[in-house]
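A quick write-up on the structure given underneath.
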There are 2 protein chains.
Amino acid sequence: MEYTINSIAKLAGISTRSLRYYDEIDLLKPKRISSNKYRIYSQKEVDRLQQILFYKELDIGLLEIKAIIDVKDFDCQKAMEDHLVSLKKKRRKIETLIINVEKTILSLKGDKEMSNEEKFAGFKKKIVKENDEKYGEEIRMKYGDNTIEESNKKLMEMTEKQFNNVEELGQELNRTLKEAVNTGDPASELAQEVCNLHKEWLTFYWPKGTYSKEAHLSLAQMYCEDDRFKEYYEKIVPNGAEFLKDALKIYCEK
Amino acid sequence: MEYTINSIAKLAGISTRSLRYYDEIDLLKPKRISSNKYRIYSQKEVDRLQQILFYKELDIGLLEIKAIIDVKDFDCQKAMEDHLVSLKKKRRKIETLIINVEKTILSLKGDKEMSNEEKFAGFKKKIVKENDEKYGEEIRMKYGDNTIEESNKKLMEMTEKQFNNVEELGQELNRTLKEAVNTGDPASELAQEVCNLHKEWLTFYWPKGTYSKEAHLSLAQMYCEDDRFKEYYEKIVPNGAEFLKDALKIYCEK
DNA sequence: ATTGACATTGACGCTACGAGATAGTTTATT
DNA sequence: AATAAACTATCTCGTAGCGTCAATGTCAAT
C-alpha cells in the first residue's frame, strides 16, 4: 500500500506542512519520490510516524525523537527520566508563576485576607520553627534580627503549594549536587547549575531584595566552617559541603 | 542621574541586548541619544524598567506589558485573571504530560504495580460508579459493553492528579461554554474552542483510539435528545445543550 | 599611539511549523 | 477536449525574546 502526502497526513491527523518539514530535517523520509516529484510513503513510514507522534505527544523535541528512534542502543528510559525531570521543573516554574499572579490579583483587589493560606498556618508554623532552630542563629548573626523576622514572615505567607514547590526544588538541588560531585569539577556546567538551584532555593527563604552574590558567598563559607551545615550536606553526598562551597565561590565571583 | 546602557543593565540584572530589543519594540526608549549615538537613560526609565521586569517575571509577553503600562484605563485585573487562566491551562497540560511520561517509564520498566495509584482506588471507584450510572447506559447502547468497560478501566487507572486535572478541564469547559453561548454564534471562535475542550474532556473517558468525529457528533445529538444530558448542560447555562450540539456539528463536520 | 572596555547597527539562530505566493500535475465535470 | 477543482511542489516570511557573532566606532587610561 502506498500513500500520498495528503492521505498519510489525514491518517495521522497532522498537516502536510509538518510532513514536508519532517522530510526536510530527515526525521521521516518518504519511501521514494515519484516521477512527478510527489512524495510516496509506505506502511513502514506510517509505522515510524506513529512512533514519532507518540513521543511528540510527550512534548519531546523532534531531534531527540530522531535519536530515540534511530540510535539503536539509545537509553530510552534515561531519556524519559531526564524528560520527566525537565517537565517537573517546568511545572514548578508555572506553579510559582500562578502563585505570584494570584498574589498580584489579590493586591490589585486590595484584598489581604488570603484566607486559604491561613488554613495552613499551623502546618507552616512548624516548618518555620524548625527552620529557625536549625539555621536561625547563623543568619541572625550575619544579617541581624530584622532579616530573620522577615524570613519567617515570608515563610508564613507561603501557601501550601509554594511549600511543596520549594520542597521539590530542594530535592532537585540535592540530586543535582550528587551528580555534580561525581564530575569532581566545581567549575563544571552541572556544578554551576547546582549554584543556580541553590540561589533559587535561597530566595525562597530570604526576604525580597536581600539576595546578593556577596551574601551568597558568605553563606557558602559558613557551610564549611559550621559543623551543622557541613553535616547536612555531607549526609547528602560525601564532600558535598566542600564541593558546594567551591562551586559557589566560582559562581559568585564571576 | 543618567545611566549608560551597561550600568542600567547591571542595575536590573539583564543583558544590554535585551535593552536594545526593548528600545527596538518601543517598550523602553532611552531618555535621549547622546552625540556619539549612545543610549542615555534616566531615573524615569529605571522605574519603568522595574515595572516591565515585574510583569515579565509573571511570564507576561512584552507587547502586553506595553499595553498594561501605557494604556491608561487598561483593565489590569482582567489581564491578570486571563493570564492566570492561561497559566492554569499550561499547568494542566504539563500535568498530563508528566503522567504520560511516568506511564511510559513504567511500561519501559515492565513494572505494572502503580502502587501509588491504588491508594486512590477506593476514591476513584466511587467516581467510576457515578459516571457509569449517569452516562453508562447511553454509551453502552451506542458503543457496546466493551467500550464502557474499557472506559471504567481507564478511569480506574487514573491517578488522583489526573482526576484533578480532568475536573479542572471540566470547569474550564463549563466556563467557556457560558461565554460562548453569550456570543450566540456556534461557529464563533470561542464556540469552536469549547468543542476542542469537549474533545479533550471526552478523550479522558473514552478508551484510546475510540475518538472519532463521527462518534463525537453522535454524542452531540444525544445531548439534545436525552433529557438527562440536556438538563445537565441547561443547568450550566440556558440553551447550553442546544448550543453545544450546534457548535459540535460545525466542529465535527469541518 | 596603543590597548582595553564600552558603544553602535546589522544579521543569523533557535522551534515547529502556519500561511501565502507561484507554478506544475492529476482528476472530475461539463 | 476544454475547463475547473483538487492536489502537489518549492520558496519565503513570520513567530518570541533574546544569544551570539561580526564589523565598526568611541572613550579613558597607559
Side-chain angles (χ1 to χ4, degrees), chain A residues 2-41 45 49 52-69 83 86-87 90 93 97 189 192 196 254, chain B residues 2-41 45 49 52-68 83 86-87 90 93-94 97 189 192 196 254:
Chain A
E2 295 196 325
Y3 304 88
T4 74
I5 199 169
N6 213 7
S7 56
I8 205 176
K10 276 179 184 159
L11 208 64
I14 60 172
S15 71
T16 61
R17 176 70 176 91
S18 296
L19 286 168
R20 278 189 271 266
Y21 181 64
Y22 296 166
D23 183 2
E24 192 185 326
I25 64 170
D26 298 330
L27 177 59
L28 182 70
K29 290 286 194 193
K31 187 190 181 184
R32 62 186 181 85
I33 307 281
S34 76
S35 59
N36 46 29
K37 289 209 165 195
Y38 286 12
R39 290 173 178 81
I40 309 290
Y41 298 86
E45 281 74 39
L49 185 52
I52 293 171
L53 295 179
F54 171 78
Y55 289 112
K56 206 167 96 78
E57 267 189 54
L58 304 181
D59 216 32
I60 293 173
L62 298 184
L63 285 182
E64 192 156 2
I65 293 178
K66 209 167 97 177
I68 292 174
I69 299 181
H83 187 56
S86 89
L87 284 174
K90 273 190 194 170
K93 199 180 155 192
L97 288 174
E189 221 175 300
Q192 295 304 298
N196 258 324
K254 78 178 177 187
Chain B
E2 294 197 326
Y3 305 88
T4 75
I5 198 168
N6 212 7
S7 56
I8 204 176
K10 276 179 183 159
L11 208 65
I14 59 173
S15 71
T16 60
R17 177 68 177 90
S18 297
L19 286 168
R20 281 190 206 101
Y21 181 63
Y22 296 167
D23 183 2
E24 191 185 327
I25 63 169
D26 297 330
L27 177 60
L28 182 70
K29 290 285 192 195
K31 189 190 181 185
R32 61 185 181 84
I33 306 281
S34 76
S35 59
N36 46 30
K37 291 212 162 192
Y38 287 12
R39 289 174 178 80
I40 309 290
Y41 298 87
E45 281 74 40
L49 184 54
I52 292 171
L53 294 178
F54 171 78
Y55 289 112
K56 205 168 95 79
E57 268 189 55
L58 304 181
D59 213 34
I60 292 172
L62 298 183
L63 286 182
E64 189 153 5
I65 293 178
K66 208 168 99 177
I68 292 174
H83 186 57
S86 89
L87 284 175
K90 274 189 194 170
K93 199 181 155 190
I94 288 190
L97 288 175
E189 222 175 301
Q192 295 303 300
N196 258 324
K254 80 174 175 187

With respect to the phosphate group of C:dC17, does any side-chain polar atom (N or O) of A:Tyr22 fall under 4.0 Å of OP1 or OP2?
yes
Round to the nearest Å and state the distance from B:Lys37 atom NZ to D:dC27 atom P.
13 Å
Determine: side-chain N/O of B:Asn36 to OP1/OP2 of C:dT8, distance under 4.0 Å, yes or no.
no
If you define the side chain from C-beta out and look only at heavy atoms, does anything of B:Leu58 sit under 4.5 Å from B:Leu87?
no
So, does A:Tyr21 get its side chain near the phosphate of C:dT15, meaning an N or O under 4.0 Å from OP1 or OP2?
no
If you check every side-chain atom of A:Lys56, which of C:dT25, D:dC18, C:dC17 has the closest atom?
C:dC17
Heavy atoms only, 4.0 Å cut-off, all strands: where does A:Ile25 land among base, sugar-phosphate and nothing?
nothing
In whole Å, I'd like the distance from the CG atom of B:Leu28 to the C1' atom of D:dG17.
15 Å
With nearest nucleotide decided by heavy atoms, which residue, B:Ser18 or A:Thr4, maps closer to the 5′ end of DNA chain D?
A:Thr4
C:dG18 P sits how many Å from A:Glu24 CD, rounded?
13 Å
Contact under 4.0 Å: A:Asn6 side-chain N or O vs D:dT8 OP1/OP2
yes
Can you name the nearest heavy-atom pair linking A:His83 to A:Asp59, along with the distance?
CE1-O, 3.3 Å
Quick one: is A:Arg20 getting a side-chain N or O under 4.0 Å of the D:dA9 phosphate, OP1 or OP2?
yes
Nearest of C:dC17, D:dT20, D:dA9 to any side-chain atom of B:Arg17?
D:dT20
Roughly, in whole Å, what's the span from CD1 in A:Ile14 to P in C:dA16?
13 Å
Given side chains that start at C-beta, do those of A:Tyr41 and A:Leu19 come closer than 4.5 Å, heavy atoms only?
yes
Please report, rounded to the nearest Å, how far the P atom of C:dT25 is from the CD1 atom of A:Ile33.
16 Å
Distance check needed: C:dC17 P versus A:Leu53 CG, whole Å only.
9 Å
Given atom CZ of B:Arg32 and atom C1' of C:dA7, what is their separation to the nearest angstrom?
15 Å
First of B:Ile60 and A:Arg39 reached from the 5' end of DNA chain D, by closest nucleotide
A:Arg39
Does NZ belonging to B:Lys29 count more than 12 external heavy atoms closer than 6.0 Å?
yes
Is B:Ile5 touching bases, backbone alone, or none of the nucleic acid, heavy atoms closer than 4.0 Å?
sugar-phosphate
Would you call A:Tyr22 and A:Leu62 a side-chain contact if the rule is heavy atoms closer than 4.5 Å?
yes
Quick one: A:Asp23 CG to D:dT8 C1', roughly how many Å, whole number?
14 Å
Base, sugar-phosphate or nothing for A:Ser15? Non-hydrogen atoms, less than 4.0 Å.
sugar-phosphate
